[in-house]
Amino acid sequence: MLSDTIAAISTAVGESGIAVIRVSGPESIAEVGRVFRAKVPLPEAETHTVHYGFIVDPQTGEKLEEVLVSVFRAPRSFTTEDVVEISTHGGIISVKRVMDLLLQQPGIRLAEPGEFTKRAFLNGRIDLSQAEAVIDLIRSKSDRAFSVALKQVEGDLSRKIKTLRQTLVETLAHIEVNIDYPEHDVESMTMAFIKQKCAEVSEGIDTLLKTASQGKILREGITTAIVGRPNVGKSSLMNALARENKAIVTDIPGTTRDVIEEYVTINNIPLKLLDTAGIRETMDVVEQIGVERSKAAVNEADLILLVLNSAEALHEDEVALMEQLASRSAIVLLNKIDLPQQLNREVVRRYFKEESIVELSVKTEEGLDHLEEAIARLFFGGQLESNDLTYVSNVRHIALLKKAKQSLTDAYEAADSGIPIDILQIDVRLAWEQLGEVIGDSAPDALIDQIFSQFCLGK
């Protein structure tokens with residue numbers, strides 16, 4: 001597979017200033033050279049140079065497109081192979097004409113999803129955690145998430161994992177010496193050494209796992225359900241946070257009949273907002289379906305924003321909602337503070353702490369900044385960790401780190417119990433392999449294929 005030359009469109013299809021087609025493989029320069037006409041023949045071009053010319057059909061001599069062609073010779077390229085990037089005019093027709101001509105060449109085939117990045121991994125330019133961070137970089141929903149992904153692409157997490165694995169390699173080597181040459185080693189000293197190293201690596205894993213919950217939120221966002229009775233301002237709140245009229249707002253109760261989704265970023269925290277139908281008893285069949293979907297959204301949400309109308313007395317449905325949400329990650333929003341107040345705040349305080357209660361007016365946007373602060377307090381203890389951007393955000397990485405820590409705990413306890421060293425070695429080696437799976441050193445082929453299948457074509 002790695003001997004093939006592959007091509008794909010690397011930019012989004014549609015109208016744009018330019019579009020880029022990427023070609024990679026041992027024959028990429030020669031194959032593109034067959035259809036590219038410029039002052040300097042492409043096979044003679046030096047690496048990291050850009051050339052102006054035309055894509056020409058070699059059969060008819062027709063000029064198909066005016067382009068710039070960039071040449072990157074192996075190993076100084078993204079895939080470590082010869083790479084050619086063709087910059088065409090943006091637009092469906094121009095890109096299709098060039099792409100169709102390239103795929104007519106005998107030595108070029110269409111790339112699979114993520115195949116360029118997969119080749120970079122298989123050729124040793126990046127490891128598996130860096131490859132996965134490329135996906136996170138593309139899908140980032142906030143500046144903070146982008147910065148975290150960029151640090152992982154640069155190899156920050158990989159370096160820390162490799163350091164921990166090196167410590168375990170030294171430990172395994174010490175164990176092997178004890179097993180092969182017991183007469184030259186003192187078993188009690190070896191056991192103490194193993195316990196020390198297991199504790200050292202476990203501490204390193206704990207440091208990485210410390211930011212796992214924050215990293216996962218930065219990567220995936222917080223699923224946030226906006227709930228409350230009809231006409232309390234739920235849809236207005238969503239529109240205010242999204243900075244657009246995403247949901248229909250009227251004075252008629254029950255306007256929202258379904259769950260509306262929108263991604264927003266608040267205080268560098270990505271939120272997946274779910275504007276739900278007003279929860280109340282109703283005879284309207286369509287509204288009943290909406291209410292049921294609202295209740296399902298509440299059960300699945302990471303964060304619940306309960307909106308109350310502070311200009312009205314509490315309704316019994318709202319008290320029931322507060323009882324239900326008291327043990328959940330929820331923030332109560334007392335909306336419409338610009339109107340005369342009638343809501344009994346003492347009842348709200350029976351169920352929620354003061355820091356989880358926010359007074360605001362969606363209409364005037366007064367107090368929206370307090371909502372941002374409340375979310376940061378609830379999920380990040382007031383602020384994001386700022387000293388180190390090495391967040392573990394990938395669910396697969398988190399699971400493997402936890403498994404490795406458990407293996408080291410088992411090894412430590414075994415050493416403490418006087419279990420034979422050759423048995424104890426199994427847990428230490430298992431931890432080393434589990435850490436290796438994070439960066440791809442011991443990852444099975446099926447897992448690697450699954451990870452790269454998530455990439456878009458051309459990446």
Side-chain angles (χ1 to χ4, degrees), residues 114 117-118 120-122 124-140 145 148-173 175 194-195 197-221 302 385 388-415 424-455:
T117 310
K118 186 176 184 179
F121 164 67
L122 294 175
R125 183 184 176 276
I126 57 175
D127 64 36
L128 197 56
S129 67
Q130 289 174 288
E132 288 173 288
V134 172
I135 305 178
D136 297 341
L137 203 64
I138 295 169
R139 296 177 180 173
S140 297
V148 169
L150 186 59
K151 284 287 186 181
Q152 290 196 12
V153 169
E154 292 172 352
D156 277 26
L157 177 61
S158 303
R159 283 189 287 274
K160 294 188 177 185
I161 293 293
K162 287 174 182 175
T163 299
L164 296 177
R165 293 191 84 215
Q166 181 58 36
T167 301
L168 291 180
V169 166
E170 294 168 3
T171 307
L172 287 168
I175 293 172
I194 292 170
K195 288 166 64 177
K197 293 302 179 181
C198 285
E200 186 180 315
V201 176
S202 289
E203 187 177 338
I205 293 174
D206 284 337
T207 301
L208 291 173
L209 288 174
K210 183 181 177 183
T211 57
S213 60
Q214 293 187 11
K216 187 171 181 290
I217 287 171
L218 288 172
R219 182 176 188 260
E220 301 176 6
D302 302 313
E385 298 284 345
D388 187 359
L389 287 175
T390 312
Y391 288 91
V392 182
S393 57
N394 188 297
V395 175
R396 186 182 75 86
H397 299 170
I398 294 169
L400 286 168
L401 286 170
K402 288 181 177 178
K403 286 181 180 178
K405 179 175 169 54
Q406 184 58 53
S407 297
L408 291 170
T409 300
D410 293 342
Y412 187 97
E413 291 175 354
L424 183 152
Q425 179 191 32
I426 297 172
D427 289 321
V428 178
R429 183 174 294 279
L430 184 58
W432 177 77
E433 290 175 351
Q434 287 160 338
L435 290 176
E437 198 169 328
V438 173
I439 57 177
D441 280 7
S442 56
D445 291 344
L447 173 64
I448 292 169
D449 291 339
Q450 180 187 357
I451 288 171
F452 286 104
S453 68
Q454 301 173 42
F455 280 69

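- Checked against salt bridge (Lys or Arg N to Asp or Glu O under 4.0 Å), Lys402 has no partners two or more places apart in sequence or in another chain.
- Within 6.0 Å of the CD atom in Glu203, the count of heavy atoms belonging to other residues, nucleotides or ligands does not exceed 12.
- Within a 6.0 Å radius of NZ in Lys195, other residues, nucleotides and ligands contribute more than 12 heavy atoms.
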Donor-acceptor list for residues 428-435 side chains, cut-off 3.5 Å, not counting sequence neighbours:
residue, atom, partner, partner atom, Å
Gln434, OE1, Ala404, N, 3.3
Gln434, OE1, Ser407, OG, 3.0

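- Checked against side-chain contact (heavy atoms from CB on, under 4.5 Å), Gln130 has the following partners two or more places apart in sequence or in another chain: Ile126, Asp127, Ser158.
- Taken to the nearest 0.5 Å, the OG1 atom of Thr409 stands 9.5 Å off from the CG atom of Asp427.
- The SG atom of Cys198 sits 5.0 Å away from the CG atom of Leu408 when rounded to the nearest 0.5 Å.
- Glu200 pairs by the side-chain contact (heavy atoms from CB on, under 4.5 Å) definition with Thr167, Gln196, Lys197, not counting sequence neighbours.
- Here Asp441 pairs with Arg165, Ile439 under the side-chain contact (heavy atoms from CB on, under 4.5 Å) rule; sequence neighbours left out.
- For Arg396, the side-chain contact (heavy atoms from CB on, under 4.5 Å) test picks out Leu128, Glu132, Asn394, Leu400, Glu437, Leu447, Ile451, with sequence neighbours left out.
- Ile161 pairs in a side-chain contact (heavy atoms from CB on, under 4.5 Å) with only one of the listed residues (Ile205, Asp156, Leu401), which is Leu401.
- When all heavy atoms of Ala131 and Thr117 are compared, the closest pair comes out as CB-CG2, 4.0 Å.
- Distance check, rounded to the nearest 0.5 Å: CZ of Phe121 to CD1 of Ile448 gives 4.0 Å.
- A distance of 9.0 Å separates OG1 of Thr207 from CG of Leu164, quoted to the nearest 0.5 Å.
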